[in-house]
Amino acid sequence: VDLDKLPIKRLEAIDEAGNEHYPPDTSNEEQRLAAIRRIDFSWVIWPWQGLMESLQQAQQELSVVIDLIGTVEANDAVAVASTTKPKPQPNEILVDMAVSAATKLQRLRHLSRYFKQSAKTMEQQFQKETRFYNSLIRLQQNWKVKRQRGSEGFMFDLVDSYQLDTTRISPLSLVPIDQDSSGTLSVQIPQKSFRSLSLQFYGEAKMYALENNKSVKQAHSILRDIHKTIFEEQVFDMVIRETFTQSQGINVTGMCEDFLQLAIGQECSLCLSLVPSGQPNPKSLEIYLLHMFHENIVRKIREKECGLLGHFCMTVSHKIFSNKVHLELESVVSRVPYLHLCSLPTWHSRTSSWSLCLKVPQPILAADRLQFNTKVILKDGQISLMGEGSPSIAGSLTGKPSDGRLINSYNCDLEDLPTMLLQQVASQVIHWLHEEAMVLGMNVTRDFLCLYFDLDQGETLCLVAHVDPDDAYGCISWYLTVDHPEEGKMSADRRFLGSLSLEVLYSTLMDLIKLCS
């Protein structure tokens, strides 16, 4: 089907009188013939070119003979004289038959050789085209294939359908497809095709020929890498555009081709660049930056409180501060043998959470509780503690017993975190010892860091916890004190017990119970 454009009336000539002459309109038959002439049949007839030339030569010779016969029949002056052919001898007949048979055999051999060669050439061409188009069809199931303009070649179209800025199409989006002499599919790799985003903290044209059995798999891998490069270039361009929007606490300190340096506050300097594909560090932030681009740009979901770059930089600041909190927690846990640290998922980029578990020994008499939990939450630079097993401040002041299962929640800064965490753990140990004493029927009381035993003559025996986050040998140590009432005032004797394990504390409790009874 040929769809011609509308005919254009072109001026052919102007005579002396000024009359304009236009060429005559072409008929439908002439237009059809012109369309047929534009069809190239060379790809169909080229295997039979030699046969066609032989037939054309035979046609010319036959036309000469026909012209001669016509001339003889039309001219009476020309006549064909009849001659009598002499009767050939038997040996001559045999010779002629042998020569004729040999000539025919030779011609048949040449024709057979020609057909075999043509069949072999056509078979090779068929295998070549089959190998190429089979690979192309399989790749077309996952990638968009289009023809190149002005040629019979193909190319992969890697332009993202969700790309917002259609005026900034990456030059990597169109990947030409080639075919070598054996029909193997090959991909032309543009320059800078394999690059990825790289995050760093300061102070902290080529041809790939594809084997037959691996062509499709390798082509998929190459196209995925190029597609990933295009996506990460879009992310980098998005970050560059976001830097022109003023964000609080974020300043651009360096910029050049494929490189951007940002200052986040006064503590962090972040470098974002496009580098050859490898294993850049830290990978988690790069993955999160790509995820943000997908969530906020592709799906057009924006953060209400800040732009995308501001949100990302706040996430970087959170990660830095989160690492500091994590180091403090590990430092505390490493010096308290009965504490166990566990990181908890939060599913939010600017929220981190940890759990500190205090596991108490299995008592002789079954108790209701075998462990105490303390949760540390970091959200947008604010640290909060949520712990169970410690009495409330009001309960400690009034002397009324409190339910140890209540959860206390309070905020603190990074400097006070170790002290407040150790106080929470020591209070949980006091609570555990109090429960064990109550199970044995003892009349004991407690407050935040003390366990009291009533002795004779109004004396009081106290087991007191002392916390020191700078103590290298044990952050929680223990004292025994005895308060003596003397003429309206109290005097106390004090003995240092040191850092004790929970098993030793339980044994000390049993000794104190025996002493009091």
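This is a predicted model, so every value here is computed, not measured.
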Trp143 side chain near Val175 side chain, heavy-atom distance below 4.5 Å: no
Test item: side-chain donor near acceptor, His318 and Ser352, under 3.5 Å: yes
Give a yes or no on whether the backbone of Gly183 and the side-chain of Glu129 come within a donor-acceptor separation of less than 3.5 Å. no
Any side-chain heavy-atom pair from Leu417 and Leu385 closer than 4.5 angstrom? yes
Between Ser135 and Arg131: side-chain donor-acceptor atoms closer than 3.5 Å: no
In this structure, are over 12 heavy atoms from other groups packed under 6.0 Å from Glu415 atom CD? no
Residues at least two apart in sequence or cross-chain that pass salt bridge (Lys or Arg N to Asp or Glu O under 4.0 Å) with Lys375, listed by chain then number, are none
Distance alone, cut at 3.5 Å: any donor-acceptor contact between the side chains of Thr346 and Thr351? no
Taking Arg335 for its side chain and Asp471 for its backbone only, find out whether a donor-acceptor pair lies under 3.5 Å. yes
Heavy-atom side-chain proximity of Gln179 to Phe154 below 4.5 angstrom: no
Any side-chain heavy atom of Ser384 sitting closer than 4.5 Å to one from Lys379? no
Test item: Val467 and Val425 side chains (from C-beta on) under 4.5 Å apart, heavy atoms: no
Would you check if the side chain of Ser499 reaches a backbone N or O of Ile476 as a donor-acceptor pair within less than 3.5 Å? yes
Please confirm whether the backbone N or O of Gly387 pairs with a side-chain atom of Thr374, one donor and one acceptor, at under 3.5 Å? no
Compare all side-chain heavy atoms of Leu139 with those of Phe156 and state whether any distance is below 4.5 angstrom. yes
Any side-chain heavy atom of Thr419 within less than 4.5 Å of one from Asp416? no
